[in-house]
Protein chains: 2
Amino acid sequence: MNDPQDGETLSRETAPTEPLSAHAEPAPGDLDEIDRRIVAALMNDARQSFATIGASVALSAPAVKRRVDRLRAAGIITGFTAVVDPSRLGWTTEAFVELFCTGRTNPDQIQQAARKHPEVTAACTVTGEADAIVQLRAKDMAHLEQALERLRAEPFVTRTKSVVVLSRLT
Amino acid sequence: MNDPQDGETLSRETAPTEPLSAHAEPAPGDLDEIDRRIVAALMNDARQSFATIGASVALSAPAVKRRVDRLRAAGIITGFTAVVDPSRLGWTTEAFVELFCTGRTNPDQIQQAARKHPEVTAACTVTGEADAIVQLRAKDMAHLEQALERLRAEPFVTRTKSVVVLSRLT
DNA sequence: AATGAAAAAAATAGGAA
DNA sequence: TTCCTATTTTTTTCATT
């Protein structure tokens with residue numbers, strides 16, 4: 001994917017040692033290559049047996065189990081979950097909501113509020129005009145509206161700006 | 001050999017042209033309360049045993065297993081995955097990017113473009129001024145910028161507006 | 001410290017009622 | 001659906017490098 005990016009006229013010589021798509025693995029934390037492959041395998045299928053994983057990383061089942069235990073204890077793997085097709089569960093209406101908050105709202109307040117509403121599937125503070133973006137998922141538009149009203153009722157929320165998801169592409 | 005769903009085989013002459021695996025979603029929302037609780041339990045911990053789940057929904061382990069099998073076959077549960085703390089794996093920089101597109105860009109084009117870039121973790125078309133929102137996740141700010149540049153180079157993209165995630169609250 | 005092998009305990013996968 | 005059972009997997013224990 002080498003895209004000609006010549007927009008800049010500054011013809012500073014490019015550093016020849018800099019690989020563009022450097023997959024530099026500085027090994028954050030203390031995961032080795034086997035740990036990474038175990039994590040990848042579990043992300044792919046969290047219910048496969050340790051023996052199966054072991055076969056793909058050339059380790060015995062107990063050895064894999066110990067590493068998984070260690071990864072969980074270290075907080076690298078935080079849990080295992082079922083991947084559900086939300087549309088099949090009926091909560092098919094989605095929205096992104098920008099939250100504008102009062103002057104000295106802190107992230108903890110937003111977080112606490114987010115946890116109160118089950119329709120909130122994600123929340124984060126952001127750069128830009130808004131203070132936070134939350135993702136909502138609801139059964140239908142009426143449900144979404146109701147959830148949004150509840151959010152707007154939070155004392156620190158001064159204004160919201162929503163966009164509704166028309167279709168999910170990924 | 002074992003056809004689980006033959007309960008109502010009317011002895012009407014079999015239609016030879018009938019696709020066997022007609023994924024006829026006959027009842028997209030026909031999960032009963034127990035199914036929902038099983039799904040919730042698995043979302044909470046995908047590696048707990050069927051017996052444990054059974055204890056919480058007052059069902060035997062084999063009964064739970066059959067329901068899970070059915071939920072998977074129906075495409076409601078699409079898989080099981082490990083939940084990983086992304087910051088421990090390196091891709092810690094996130095952004096929401098609004099995409100403004102040329103006049104008659106269709107969703108398929110956006111979808112194809114989204115698939116080309118590994119940094120895109122989600123993409124959807126939305127109401128409002130922008131045509132789509134994509135979520136990016138990258139190793140660091142430089143990586144994010146590079147991914148954004150690649151996105152902006154798509155021929156149908158006229159303009160983008162990004163906000164960077166400061167911290168994830170959920 | 002980390003691994004593999006073996007044994008014990010637990011879970012799973014089907015079958016029958 | 002539950003019950004039952006053979007098979008597989010998990011988990012502990014122990015010996016090895």
Side-chain angles (χ1 to χ4, degrees), chain A residues 25-85 88-89, chain B residues 1-10 20-21 23-85 88-89:
Chain A
E25 324 294 53
D30 50 351
L31 313 182
D32 63 9
E33 185 54 30
I34 293 179
D35 286 328
R36 287 176 180 279
R37 287 169 60 191
I38 290 174
V39 168
L42 283 172
M43 285 172 63
N44 197 260
D45 177 5
R47 277 187 82 93
Q48 64 188 306
S49 73
F50 294 141
T52 303
I53 299 170
S56 69
V57 300
L59 234 50
S60 68
V64 173
K65 180 198 181 299
R66 285 192 191 102
R67 280 173 179 262
V68 172
D69 287 345
R70 197 162 49 78
L71 289 165
R72 297 193 66 170
I76 290 157
I77 293 176
T78 61
F80 302 99
T81 185
V83 182
V84 172
D85 182 350
R88 304 299 295 273
L89 269 178
Chain B
M1 151 180 7
N2 49 358
D3 196 342
Q5 320 259 58
D6 64 338
E8 50 189 353
T9 33
L10 305 174
L20 188 65
S21 63
H23 277 22
E25 279 60 355
D30 71 340
L31 312 176
D32 62 14
E33 188 52 32
I34 293 179
D35 285 328
R36 288 179 182 278
R37 288 170 61 191
I38 290 173
V39 168
L42 283 171
M43 285 172 63
N44 196 260
D45 178 5
R47 278 187 83 94
Q48 64 187 308
S49 72
F50 295 143
T52 303
I53 299 170
S56 68
V57 301
L59 233 51
S60 67
V64 173
K65 179 196 180 298
R66 288 195 179 99
R67 278 173 182 261
V68 172
D69 287 345
R70 194 166 52 74
L71 289 165
R72 298 193 65 170
I76 291 159
I77 293 175
T78 62
F80 301 99
T81 186
V83 182
V84 172
D85 182 350
R88 302 299 298 270
L89 274 177

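If you're wondering where the values come from, they're calculated on a predicted model, not measured in any experiment. Naming: A, B, ... by sequence-line order, numbering from 1 per chain.
- The side chain of B:Arg67 contributes an N or O atom lying less than 4.0 Å from OP1 or OP2 of D:dT1.
- The nearest whole Å value for the distance from the CZ atom in B:Arg66 to the P atom in C:dA13 is 11 Å.
- Within the model, atoms CD1 of B:Ile38 and CZ of B:Arg36 stand 12.5 Å from one another, a figure rounded to the nearest 0.5 Å.
- Note that the two end axes of the helix from C:dA1-D:dT17 to C:dA17-D:dT1 enclose an angle of 30°, each drawn from 5 base pairs, rounded to 10 degrees.
- Summarising the geometry, the separation between CZ on B:Arg72 and C1' on C:dT12 is reported as 14 Å, rounded to the nearest angstrom.
- Checked against side chain to side chain donor-acceptor pair (under 3.5 Å), A:Asp45 has no partners two or more places apart in sequence or in another chain.
- In this structure, B:Leu42 CG and B:Arg67 CZ are separated by 12.5 Å, a value rounded to the nearest 0.5 Å.
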Contacts under 3.5 Å, N or O only, protein and nucleotides 5-11 of chain D:
from, atom 1, to, atom 2, distance (Å)
D:dT10, OP1, B:Arg47, NH2, 3.3
D:dT10, OP2, A:Phe50, N, 2.9

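- With sequence neighbours excluded, no residue forms a side chain to side chain donor-acceptor pair (under 3.5 Å) with B:Ser56.
- Expressed to the nearest 0.5 Å, how far CG of A:Asp32 lies from CZ of A:Arg37 amounts to 10.0 Å.
- Every residue meeting the side chain to side chain contact (heavy atoms under 4.5 Å, CB included) condition with A:Ala51, not counting sequence neighbours, appears here in chain and number order: A:Ser49, A:Ala61.
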Throw together a table of side-chain donor-acceptor distances under 3.5 angstrom for residues 71-80 of chain B, partners on residues two or more places apart or in other chains.
from, atom 1, to, atom 2, distance (Å)
B:Thr78, OG1, A:Val83, O, 3.2

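- Following rounding to the nearest Å, B:Arg70 (CZ) and C:dA13 (P) show an atom-to-atom distance of 16 Å.
- Of all non-hydrogen atoms in B:Arg47 and A:Gln48, the two that sit nearest each other are NH1-O, 3.3 Å.
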